[in-house]
Asker: 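One structure, pasted below without further comment.
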Amino acid sequence: MRENMMLFHRLLEQPIFSTRAHVFQIDPTTKKNWVPTSKHAVTVSYFYDSTRNVYRIISLDGSKAIINSTITPNMTFTKTSQKFGQWADSRANTVYGLGFSSENNLLKFAEKFAEFKEAARLAKEKSQEKMELTSTPSQVAAVKKNVLPVLPKVPPKVPVRKKESATGDLQSPLTPESINGTDDERGTTPETPQYLPEPRAEPSQNQLPFSHSSSSINKHWEAELAALKGNNAKLTAALLESTANVKQWKQQLAAYQEEAERLHTRVTELECVSGQMTVIKSQKTELNQTIEELESALKSKEEELERLKEEVESANEFQTQKESLTQKLQETEERNQTLEAQLVELEQRLEGSQLEREAFRKSLRTLLELLDGKIFELTELRDSLARLIEGSSS
């Protein structure tokens with residue numbers, strides 16, 4: 001209830017930037033498929049929260065908030081097609097996707113995302129500087145010492161091998177051509193190719209090309225689908241291993257923070273002891289060295305985390321490309337079924353035409369036989385008339 005009230009107060013302010021798009025979220029169970037959260041295009045807006053000095057992306061479908069995402073410096077808006085983009089929100093534990101009516105709207109939204117992401121980064125740096133200025137030297141040292149005095153063993157890097165299909169680069173999923181952007185605003189539907197009926201021909205000339213093209217297309221798409229399934233299995237295994245490594249690093253980071261608090265308490269106790277200044281100075285020197293070493297280790301781990309995030313995004317792109325190819329395969333199969341139905345219809349028409357020709361030939365033969373009989377009778381009549389004429393003249 002408190003979160004809804006805070007969201008309501010934010011919506012009373014004027015948005016910084018607004019656009020309309022179809023809203024999707026990644027399936028929380030499979031983490032593979034897109035689930036539409038709005039039946040039609042809704043308004044997606046950027047808001048500035050002055051109380052917390054953060055930027056938010058908010059969208060409502062009626063009275064329901066389908067997007068409430070706080071922009072952080074670690075977020076990245078990825079353009080997966082000409083009219084579709086996505087970003088991951090770790091706080092909401094989901095991935096949002098937006099389908100736009102045009103590429104221009106997508107580019108404007110991406111530009112605003114990058115602009116507000118940079119503003120969030122600058123705001124975070126300013127808040128950290130203020131904290132450092134207002135804190136005591138011992139507190140500054142405690143903030144810098146959020147690590148253990150022992151270098152941890154960095155988990156091995158998880159290689160993710162990218163594999164291309166036999167046809168080259170794959171297409172991204174949920175493209176605006178498949179979801180049609182915001183076609184409900186334009187009142188149009190996706191255009192489908194119109195196929196003209198084939199000219200009537202003999203079965204011996206048309207039946208073989210139709211069956212050959214259908215089997216070759218099916219074999220081609222089946223080979224690509226098999227390659228994608230193998231690649232998807234490898235990417236899934238790598239993603240699971242990366243998730244396990246991230247959890248382990250989070251546990252290590254919590255341990256580092258606890259150790260930093262303990263070290264801060266220890267330093268405070270040592271500073272209170274006036275008779276052991278030399279020992280305290282040596283211990284401070286050692287602790288500073290340890291802090292520098294651990295800070296470098298943390299920096300390398302942060303770089304490793306960024307690399308793993310890029311690999312996860314790449315895995316998501318491969319998954320969406322697989323779904324796009326599967327949909328294309330289904331469309332090809334439907335087209336083959338339509339062509340086969342047209343071929344059967346043409347064969348039936350040809351068979352009917354042949355039957356009609358045969359009946360016509362039979363009727364012609366009957367007429368010829370009748371005509372031959374009449375001609376024979378006329379010939380006999382002529383001969384008899386000629387004999388009568390000769391007899392009368394003699």
Side-chain angles (χ1 to χ4, degrees), residues 3 6-7 9-21 23-26 42-60 65-135 140 143-144 146 172 246 249-250 253 295-296 298-314 316-317:
E3 186 69 21
M6 293 174 65
L7 179 60
H9 287 302
R10 292 191 194 101
L11 292 178
L12 293 178
E13 301 176 358
Q14 293 295 325
I16 304 174
F17 175 79
S18 296
T19 186
R20 292 184 66 82
V23 180
F24 298 84
Q25 284 190 17
I26 202 72
V42 296
T43 302
V44 182
S45 303
Y46 287 99
F47 284 87
Y48 176 66
D49 188 353
S50 58
T51 57
R52 298 185 179 180
N53 196 20
V54 295
Y55 293 87
R56 290 179 178 271
I57 303 175
I58 297 175
S59 178
L60 297 179
I66 55 178
I67 298 179
N68 185 9
S69 178
T70 302
I71 300 176
T72 63
N74 295 328
M75 284 186 177
T76 301
F77 183 80
T78 305
K79 176 185 175 184
T80 58
S81 68
Q82 290 183 352
K83 299 179 183 179
F84 193 85
Q86 65 184 37
W87 78 95
D89 191 340
S90 58
R91 296 183 180 180
N93 193 22
T94 188
V95 179
Y96 293 104
L98 296 179
F100 296 88
S101 60
S102 64
E103 186 177 4
N104 188 24
N105 292 339
L106 173 60
L107 294 177
K108 288 181 180 179
F109 188 88
E111 289 176 359
K112 292 296 180 181
F113 193 98
E115 177 183 346
F116 298 143
K117 172 185 173 182
E118 180 65 18
R121 185 185 66 81
L122 295 175
K124 183 178 179 181
E125 291 179 354
K126 289 181 180 179
S127 63
Q128 289 179 351
E129 290 177 359
K130 290 180 180 179
M131 290 175 61
E132 291 178 357
L133 291 174
T134 55
S135 61
V140 174
V143 171
K144 293 182 178 180
N146 286 330
S172 61
V246 170
W249 292 341
K250 286 182 178 179
L253 183 59
E295 282 179 348
S296 62
L298 273 178
K299 185 177 180 180
S300 63
K301 283 192 175 183
E302 288 176 353
E303 294 175 354
E304 184 69 12
L305 279 174
E306 291 293 331
R307 188 186 66 81
L308 288 175
K309 287 180 181 178
E310 294 176 356
E311 291 176 353
V312 168
E313 292 177 356
S314 176
N316 290 333
E317 291 179 358

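For the single chain, residues carry numbers from 1 onward in sequence order. Computation of the quantities below employed the complete heavy-atom set of this structure, encompassing side-chain atoms and omitting hydrogens, waters and symmetry-equivalent molecules.
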Asker: State plainly whether the residues E125 and R121 are in salt-bridge range, i.e. N to O under 4.0 Å.
Answerer: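 Salt bridge: yes.
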Asker: Could I get the full list of ring pair (Phe, Tyr, Trp, His ring centres under 6.0 Å) partners for Y46, not counting sequence neighbours?
Answerer: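 F109, F116.
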Asker: Tell me, do E311 and L308 make a side-chain contact under 4.5 Å, heavy atoms counted?
Answerer: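 The answer is yes; the side chains approach within 4.5 Å.
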Asker: State plainly whether the residues E310 and R307 are in salt-bridge range, i.e. N to O under 4.0 Å.
Answerer: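 Salt bridge: no.
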Asker: Tell me, do K83 and N105 make a side-chain contact under 4.5 Å, heavy atoms counted?
Answerer: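 The answer is no; the side chains never approach within 4.5 Å.
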Asker: Just verifying a value: how many Å separate E313 CD and T76 OG1, rounded to the nearest 0.5 Å?
Answerer: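 Reported to 0.5 Å precision, the distance equals 5.5 Å.
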Asker: For T43, does its backbone N or O pair with a side-chain atom of S59 as donor and acceptor, under 3.5 Å?
Answerer: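 Between the backbone of T43 and the side chain of S59 there is a qualifying donor-acceptor contact (under 3.5 Å).
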Asker: Restricting to non-hydrogen atoms, name the atom on Y96 and the atom on Q25 that form the minimum distance, rounded to 0.1 Å.
Answerer: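 Closest heavy-atom pair between Y96 and Q25: CE2-NE2, 3.3 Å.
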Asker: For the side chain to side chain contact (heavy atoms under 4.5 Å, CB included) test, which of I71, L98, V95 pairs with W87?
Answerer: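 The single option meeting the side chain to side chain contact (heavy atoms under 4.5 Å, CB included) with W87 is L98.
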Asker: Looking at K79 and E103, what are the two nearest heavy atoms and their distance?
Answerer: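 For K79 and E103, the tightest heavy-atom pair comes out as NZ-OE2, 2.9 Å.
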Asker: What are the two closest heavy atoms between Y55 and A119, and how far apart are they?
Answerer: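 Here Y55 and A119 meet closest at CE1-CB, 3.5 Å.
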Asker: As an exercise, state the distance from CZ of R20 to OG of S45, rounded to the nearest 0.5 Å.
Answerer: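 Output value for this atom pair is 10.0 Å.
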Asker: Salt bridge (charged side-chain N to carboxylate O under 4.0 Å, His left out) with E111: which residues, sequence neighbours excluded?
Answerer: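 Expected list: none.
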Asker: Run the numbers on M75 and T70 for side-chain contact (heavy atoms from CB on, under 4.5 Å), then give the verdict.
Answerer: CA-CA 9 Å; M75 284 186 177; T70 302; 5.6 Å; no
Asker: I need the I26 CD1 to N93 CG distance, nearest 0.5 Å.
Answerer: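 If we round to the nearest 0.5 Å, I26:CD1 and N93:CG are 11.5 Å apart.
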Asker: Identify the heavy atoms of L106 and F100 that sit nearest to each other, and give their distance.
Answerer: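 Heavy atoms of L106 and F100 come nearest at CD1-CE1, 3.4 Å.
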Asker: Passes side-chain contact (heavy atoms from CB on, under 4.5 Å), Q86 versus F24? Steps please.
Answerer: CA-CA 9 Å; Q86 65 184 37; F24 298 84; over 6 Å; no
Asker: For I66 versus V42, what's the shortest heavy-atom pair and its separation?
Answerer: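 What the structure gives for the nearest pair is CD1-CG2, 3.9 Å.
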Asker: Going from OG1 on T78 to CD on E317, what distance comes out if it is rounded to the nearest 0.5 angstrom?
Answerer: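 One gets 6.5 Å once the value is rounded to the nearest 0.5 Å.
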Asker: Hey, mind stepping through K117 and F77 against side-chain contact (heavy atoms from CB on, under 4.5 Å) and telling me if it holds?
Answerer: CA-CA 10 Å; K117 172 185 173 182; F77 183 80; over 6 Å; no
Asker: Give the C-alpha distance, both sets of side-chain angles, the deciding distance and a yes or no for side-chain contact (heavy atoms from CB on, under 4.5 Å) between T19 and K112.
Answerer: CA-CA 11 Å; T19 186; K112 292 296 180 181; over 6 Å; no
Asker: Does the side chain of S69 come under 3.5 Å of the side chain of D89 through a donor N or O and an acceptor N or O?
Answerer: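 Yes, D89 and S69 have a side-chain donor paired with an acceptor closer than 3.5 Å.
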Asker: Could you grab the distance from atom CZ of R91 to atom OG1 of T72, nearest 0.5 Å is fine?
Answerer: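 Between R91 CZ and T72 OG1, I get 6.5 Å after rounding to 0.5 Å.
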